[in-house]
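Working notes, beginning with the structure itself.
This one's a predicted model, so the numbers in the text were calculated from it and none came from an experiment.
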Amino acid sequence: MKNKKITRSITQGLYVLTTSGGGCIVDAVSQISGGDNPLISVAVMKSNYTNELLHKNDKFALSILGMSEDGNLIKTFGLNSMRDINKYENIDMFEDAGVPIIKNSLGYMVCEIVDRIENDTHTLFIGKLIEADKFRDEEAMSYNYYQNHKDELVKATTEDGRTAWVCTICGYVYYGDTLPNDFKCPKCGVDKSLFERK
């Protein structure tokens with residue numbers, strides 16, 4: 001494959017997906033039907049703890065992130081696992097339809113899961129929209145904007161004097177002169193071609 005980074009050109013937003021017990025940053029979200037209760041799909045990586053939770057729970061929420069979003073919110077939900085930290089602890093949240101929502105967002109959608117489609121790396125969760133609200137009018141953050149401004153939004157901490165390889169997808173830092181040929185990011189699963197030397 002010549003350059004898989006071309007997939008970043010697909011227009012999509014950046015969201016915090018939450019469910020009972022956890023949540024993560026997602027970008028692969030689509031409306032796939034209309035009507036009073038449209039269907040919304042979201043793809044979640046199988047290695048992500050939130051994927052495991054979504055197989056146990058029947059609802060999820062998507063909080064829409066704006067252009068002025070605090071990088072700490074992205075860092076908390078994008079670079080950590082609920083297995084290791086309580087992501088909800090220092091975030092202003094409330095509940096709707098029994099699902100935690102990010103209070104400081106552009107708005108949110110709560111969906112009841114109606115289908116799950118498995119593929120090799122992700123599960124596509126399809127939910128029926130059962131609740132939604134809009135808090136403010138502001139341009140939503142796109143995945144492309146996030147990729148182009150990630151260094152400012154999610155500062156990767158590296159140690160002076162050591163060679164660091166930073167995952168361009170999730171920000172994971174690997175220390176070493178070279179990356180092993182078969183190296184995969186332990187956080188998001190991408191291969192070494194998506195790491196940058198710092």
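Thr18 contributes no side-chain N or O that, together with a main-chain N or O of Gly23, makes up a donor-acceptor pair within less than 3.5 Å. Between the side chain of Arg136 and the main chain of Ser105, a donor-acceptor pair closer than 3.5 Å is present. A distance-only check finds no donor-acceptor pair linking the side chain of Glu196 to the backbone of Trp165 [under 3.5 Å]. No donor-acceptor distance shorter than 3.5 angstrom exists from the side chain of Asn57 to the backbone of Lys59, with no hydrogens or angles considered. In this structure, Asn37 contributes its side chain and Lys128 its backbone to no donor-acceptor pair below 3.5 Å.
If you chain together hydrophobic residues whose side chains sit under 4.5 Å apart, Leu39 and Val110 never meet in one group. Taking hydrophobic clusters as Ile, Leu, Val, Met, Phe, Trp and Tyr residues chained together by side-chain heavy-atom distances below 4.5 Å, Met141 shares a cluster with Ile102. Linking ILVMFWY residues whenever their side-chain heavy atoms come closer than 4.5 Å, directly or via other members, leaves Val99 and Met93 in distinct clusters. A chain of hydrophobic side-chain contacts below 4.5 Å, direct or via other Ile, Leu, Val, Met, Phe, Trp or Tyr residues, connects Met67 to Leu14.
Annotation for Cys167 and Cys185: closest pair SG-SG, 4.0 Å, computed over non-hydrogen atoms. Between Phe195 and Asp191, the closest heavy-atom pair is CD1-O, 3.8 Å.
Atom CG of Asn119 is surrounded by more than 12 heavy atoms from other residues, nucleotides or ligands within 6.0 Å. By the 6.0 Å contact criterion, NZ on Lys134 is open, its count of non-hydrogen atoms from other residues, nucleotides or ligands being 12 or less. Within 6.0 Å of atom CD in Glu118, more than 12 heavy atoms from other residues, nucleotides or ligands are found, so the atom counts as buried in its surroundings.
Considering OG of Ser193 and CG of Leu179, their distance stands at 10.5 Å, rounded to 0.5 Å.
With a 4.5 Å cut-off on side-chain heavy atoms, Val166 and Tyr174 do not count as touching. With a 4.5 Å cut-off on side-chain heavy atoms, Ile91 and Lys103 do not count as touching.
Relative ring orientation between Phe77 and Tyr88 is described as tilted, the plane-to-plane angle lying within the 30° to 60° band. Classified by interplanar angle (parallel below 30°, tilted 30° to 60°, perpendicular above 60°), the ring pair Phe135/Tyr108 is tilted.
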*Show the numbers, then the answer: is there a side chain to side chain contact (heavy atoms under 4.5 Å, CB included) between Leu73 and Asn104?*
CA-CA 10 Å; Leu73 180 65; Asn104 185 29; 6.0 Å; no
_Test side chain to side chain contact (heavy atoms under 4.5 Å, CB included) on Lys46 and Thr121; report intermediate values, then the result._
CA-CA 6 Å; Lys46 287 186 173 182; Thr121 60; over 6 Å; no
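In the hydrophobic clustering, where aliphatic and aromatic side chains (Ile, Leu, Val, Met, Phe, Trp, Tyr) are joined below 4.5 Å either directly or transitively, Ile113 groups with Tyr15, Leu17, Val26, Val29, Ile40, Val42, Val44, Leu54, Phe60, Leu62, Ile64, Leu106, Met109, Phe125, Leu129.
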